[in-house]
Amino acid sequence: MSYPWLREPWLQVVNSAQQQRLAHAYYMQHAPQRGSEQFLLTLAQFILCRQPAKSACGQCKSCLLFKAGTHPDLWQIEAGEGTRIGIDQVRQLQQQATQTANQGGARVAIIRPADKLTEQAANAILKILEEPPEDLFWLLAVEQAAHLLPTLKSRLQWINLQLPALASDDEQDAQAASLLSALRGEALVPVMKNKDQAEAWLNITEQLLEDLLKSSQRIAAQYYHFSGLQEQYRQLNQQQHVNQRLLSQAVAECRHLRQKFHYSKGLNLPLLLSLNWQQWATYVFSSGLDAENTQCFL
Ligand SMILES: [Zn+2]
């Protein structure tokens, strides 16, 4: 899984499966940008796989059908934009599910987001779960667990995906502002405790440098990543000559660093990024030096 926080919940599910203790119905947070979709589908494939180990084998007939998107024992109900999931959709699924499995193995029903179930539809699922057909597994993704019918919720087992909180716009602006002060020598550079944190700071750095470049080119603030910082950008441009060539080199270096890290996770990203910050603080943000004559830019 490419989302580190999903590793722990995944191991727990695999552990239950290995002890033959998978629940008939699970629910989890619906947060596609943070990996919930990958988790849901990986779990569905795992349940359907005919020879799973710590994950689906990827090679059995079931896995091949799954990857082709044509598995006959996988059903998905999805709410359209602004619509709810009605009882007809659940009944239709129930009808198909009561037939024997096409592949002779497990069957999986996915509902997303389950907040969109009407009360009737939720009650219909509840009824099925009271006497669950053997080898039929339900996976429900919810935007807000509070929206689920409590009686239905009591039949479901929660999978805690341990999703990290999304930073709000204000928080992101504040992080970028602290980095800008550090690069200008007015504050200490942020502390990075691990590679995940360094990766997040690398993104902020790149966006900040791009913003500065745009601001020095008098591009409108609506195109900035951190629009809350436009006044600081403007002041910086007034107070000192911002070297556009060095700024775009720094942006390129950020992308290069991200690429290197992508291919080699062993890279000491916190160290490399802090070295880059030092360089940029000296050559991009220090007006006292003749930046054009420096050769030691990375
Ligand atoms: Zn398989």
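Order of listing sets the numbers, starting from 1, for every ligand and every atom in it. What you see below is based on every heavy atom in this structure, not just the backbone, and it leaves out hydrogens, waters and symmetry mates.
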Which pairs of donor and acceptor atoms, one on a side chain in residues 16-24, lie under 3.5 Å apart (sequence neighbours left out)?
residue : atom : partner : partner atom : Å
Ser16   : OG   : Gln12   : O            : 3.0
Gln19   : OE1  : Arg21   : NH1          : 2.9
Gln19   : NE2  : Asn15   : OD1          : 3.3
His24   : ND1  : Leu136  : O            : 3.0

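Phe137 has its side chain out of reach of Leu43: every pair of non-hydrogen atoms, C-beta onward, lies at least 4.5 Å apart. With contacts defined as side-chain heavy-atom distances shorter than 4.5 Å, the pair Ile110/Leu41 qualifies. Looking at Gln172 and Ile204, their side chains never come closer than 4.5 Å, going by heavy atoms from C-beta outward. Between Pro270 and Gln197 the shortest side-chain heavy-atom distance does not fall below 4.5 Å.
For Arg234 and Glu231, the salt-bridge test passes: some basic side-chain N is under 4.0 Å from an acidic carboxylate O.
For the Zn ion (ligand 1), the set of protein N/O/S atoms nearer than 2.8 Å consists of Cys49 SG, Cys57 SG, Cys60 SG, Cys63 SG, ordered by chain and number.
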